[in-house]
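What follows is a single structure, written as C-alpha cells, with notes after it.
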2 protein chains.
Amino acid sequence: MENITELLKGILEGCVLEIISRGETYGYEITQQLRQLGFSDVVEGTVYTITMRLEKQQLVHIEKKASTMGPPRKFYTLNEAGHDRLRIFWEKWAFVSDKMQELQQLKQEGSTR
Amino acid sequence: MENITELLKGILEGCVLEIISRGETYGYEITQQLRQLGFSDVVEGTVYTITMRLEKQQLVHIEKKASTMGPPRKFYTLNEAGHDRLRIFWEKWAFVSDKMQELQQLKQEGSTR
DNA sequence: ACCAGTACTTTGTGTTACTATATAGTGGTA
DNA sequence: TACCACTATATAGTAACACAAAGTACTGGT
C-alpha cells in the first residue's frame with residue numbers, strides 16, 4: 001500500500017507505544033516490526049522522531065546496552081505515563097474506527113437505494 | 001472524545017469526499033453532518049480548507065445557488081476523479097484499519113500469557 | 001581497504017487539521 | 001432603528017506529525 005502517510009499521522013506513535021509495551025525494545029527493531037506488520041515504507045528516521053518525542057514527553061524508560069551486532073542499543077520500556085497514553089490511544093482509535101465504520105455502513109445502505 | 005486531531009489527519013478529507021458522494025451538498029451542511037457523526041469539534045474553517053483543497057485538485061464540480069436562509073451556497077458534487085479518490089481512500093482506510101486490528105489482537109494474545 | 005548490515009541522530013520539508021477572524025445575508029425581537 | 005442569532009463562505013497563521021536526506025559509528029566478511 002502506497003502513500004498512506006497522512007493516514008498514519010497519529011497512529012504511528014500509537015503503534016510504537018504498543019510495540020514497546022510488549023517488552024523492552026529499541027528503535028531499529030521497532031522499525032523492523034512496523035515494516036513486518038505491513039507499514040513497509042516506514043524508515044528509521046521516522047521511528048526515531050517518534051521515540052525522541054516519547055522521551056521528551058517522559059513516557060518511556062531508557063536503558064543503553066552494548067550489542068555484538070553494531071553500536072550500542074537504546075532500549076525503551078513504557079513507564080506509567082506511557083501505559084496511560086497507550087490506553088488513551090486505543091480509546092481514541094476505537095472511537096474514530098467506529099465512526100468510520102458507521103460512515104461506511106451508511107454508504108452501503110445508500111447504494112442499495 | 002477530545003483531542004483526536006492527529007488521528008483525523010487524512011481521514012477527515014475522506015469523510016468529506018464520502019459525504020459529498022451521497023449527493024449535492026455544501027460546506028456548512030458537511031460540517032453539521034460531520035458533527036452529527038460524532039466529530040463534534042469540527043468547525044467550518046476546517047471543512048472549508050478541505051473543500052478548497054478538493055477544488056484545487058479538481059475532484060469536485062461546483063454550483064452556486066441562492067438560499068433563503070442566508071448567503072448563497074456553494075454546492076459540491078464529485079466528478080470522476082473525485083469518485084476515484086474516494087475509492088482509493090476507502091482502500092487505504094481498510095488497509096490501515098486491518099493492520100491496526102492485527103496489532104490489537106496481538107496485544108490481547110499477549111495479555112493472556 | 002572496502003562494503004553490507006546494524007544502530008542512532010539531526011535538519012529540513014510538506015501536508016494536514018485547527019484557531020481566529022472577517023465578511024455577508026436573513027429573520028426575529030426589543 | 002439597533003441588535004442578535006443563525007446561516008454561509010473565506011483566509012491567514014499555527015502546531016503537530018510523518019517523512020526525506022544525510023551523517024556518524026560499530027561489527028564482520030571478502
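Quick note on labels: first sequence line is chain A, next is B, and so on, each numbered from 1. Below, all heavy atoms of this structure are taken into account, side chains as well, without hydrogens, waters or symmetry copies. Everything quoted here is computed from the prediction, not taken from an experiment.
- In terms of position on DNA chain D, the residue among Thr49(A) and Thr68(A) whose nearest nucleotide sits closer to the 5' end is Thr49(A).
- The CG-C1' distance, from Leu7(B) to dT16(C), rounds to 13 Å in whole Å.
- Computed from C1' positions of five pairs at each end, the angle between the two local axes of the helix from dA1(C)-dT30(D) to dA30(C)-dT1(D) equals 20°, rounded to 10 degrees.
- A search for side chain to side chain donor-acceptor pair (under 3.5 Å) contacts involving Glu91(B) returns Arg87(B), not counting sequence neighbours.
- Tyr48(B) places its OH atom 19 Å from the P atom of dA20(C), with the value rounded to the nearest Å.
- Atoms NE2 and OG1, on His61(A) and Thr77(A) in that order, are 5.5 Å from each other to the nearest 0.5 Å.
- In the hydrophobic clustering, Phe75(A) connects to Tyr26(A), Tyr28(A), Tyr48(A), either directly or through intervening members, whenever side-chain heavy atoms lie under 4.5 Å apart.
- A residue-by-residue look at Gly45(A) and Ile4(B) shows that Gly45(A) has its nearest nucleotide of DNA chain C further toward the 5' end.
- Qualifying side chain to side chain contact (heavy atoms under 4.5 Å, CB included) partners for Thr49(B), counting only residues two or more places apart in sequence or in other chains: none.
- Here the closest heavy-atom approach between residue Cys15(B) and residue Phe39(B) is recorded as SG-CE1, 4.0 Å.
- Using a 4.5 Å cut-off on side-chain heavy atoms (C-beta onward), Tyr76(A) and Thr51(A) make contact.
- Atoms OG and CD1, from Ser97(B) and Ile11(A) in turn, are 9.0 Å apart once rounded to the nearest 0.5 Å.
- Here the side chain of Ser21(A) pairs a donor or acceptor atom with the backbone of Glu18(A) at under 3.5 angstrom.
- Note: the hydrophobic cluster containing Leu54(B) also contains Ile62(B) (ILVMFWY, side chain heavy atoms under 4.5 Å, direct or indirect links).
- dT7(D) atom P lies 9 Å from atom CD of Glu44(B), rounded to whole Å.
- Here the side chains of Gln101(A) and Trp93(B) are not in contact, with every heavy-atom distance at 4.5 Å or above.
- Partners of Gln33(A) according to the side chain to side chain donor-acceptor pair (under 3.5 Å) rule, which considers only residues two or more places apart in sequence or in another chain, do not exist here.
- A heavy atom closer than 4.0 Å to some atom of DNA chain D occurs in Met69(B), Pro71(B), Pro72(B), Arg73(B), Lys74(B), these being the qualifying members of residues 69-80 of chain B.
- Pairs passing the salt bridge (charged side-chain N to carboxylate O under 4.0 Å, His left out) check and including a residue from residues 32-52 of chain B, sequence neighbours excluded, do not occur.
- Every residue meeting the side chain to side chain donor-acceptor pair (under 3.5 Å) condition with Ser67(A), not counting sequence neighbours, appears here in chain and number order: Arg73(A).
- In this structure, Phe89(B) places its CZ atom 18 Å from P of dT15(C), rounding to the nearest Å.
- Nucleic acid contact class of Thr46(B) (heavy atoms, under 4.0 Å, all strands): base.
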For nucleotides 14-17 of chain D, give me every protein contact, N/O to N/O, under 3.5 Å, one pair per line with atom names.
unit_1	atom_1	unit_2	atom_2	d
dA16(D)	N3	Lys9(B)	NZ	3.4
dC17(D)	O3'	Gly10(A)	N	3.4
dC17(D)	O2	Lys9(A)	NZ	3.3

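- A search for side chain to side chain donor-acceptor pair (under 3.5 Å) contacts involving Glu63(A) returns nothing, not counting sequence neighbours.
- Distance check: Glu6(A) CD to Leu8(B) CG gives 12.5 Å after rounding to the nearest 0.5 Å.
- Of the residues in residues 25-42 of chain A, those lying under 4.0 Å from DNA chain C by heavy-atom distance are Tyr26(A), Gly27(A), Tyr28(A).
- The side-chain heavy atoms of Arg53(A) and Ile50(A), taken from C-beta on, include a pair separated by under 4.5 Å.
- For the contact set between residues 59-67 of chain A and DNA chain D, defined by any heavy atom under 4.0 Å, there are no members.
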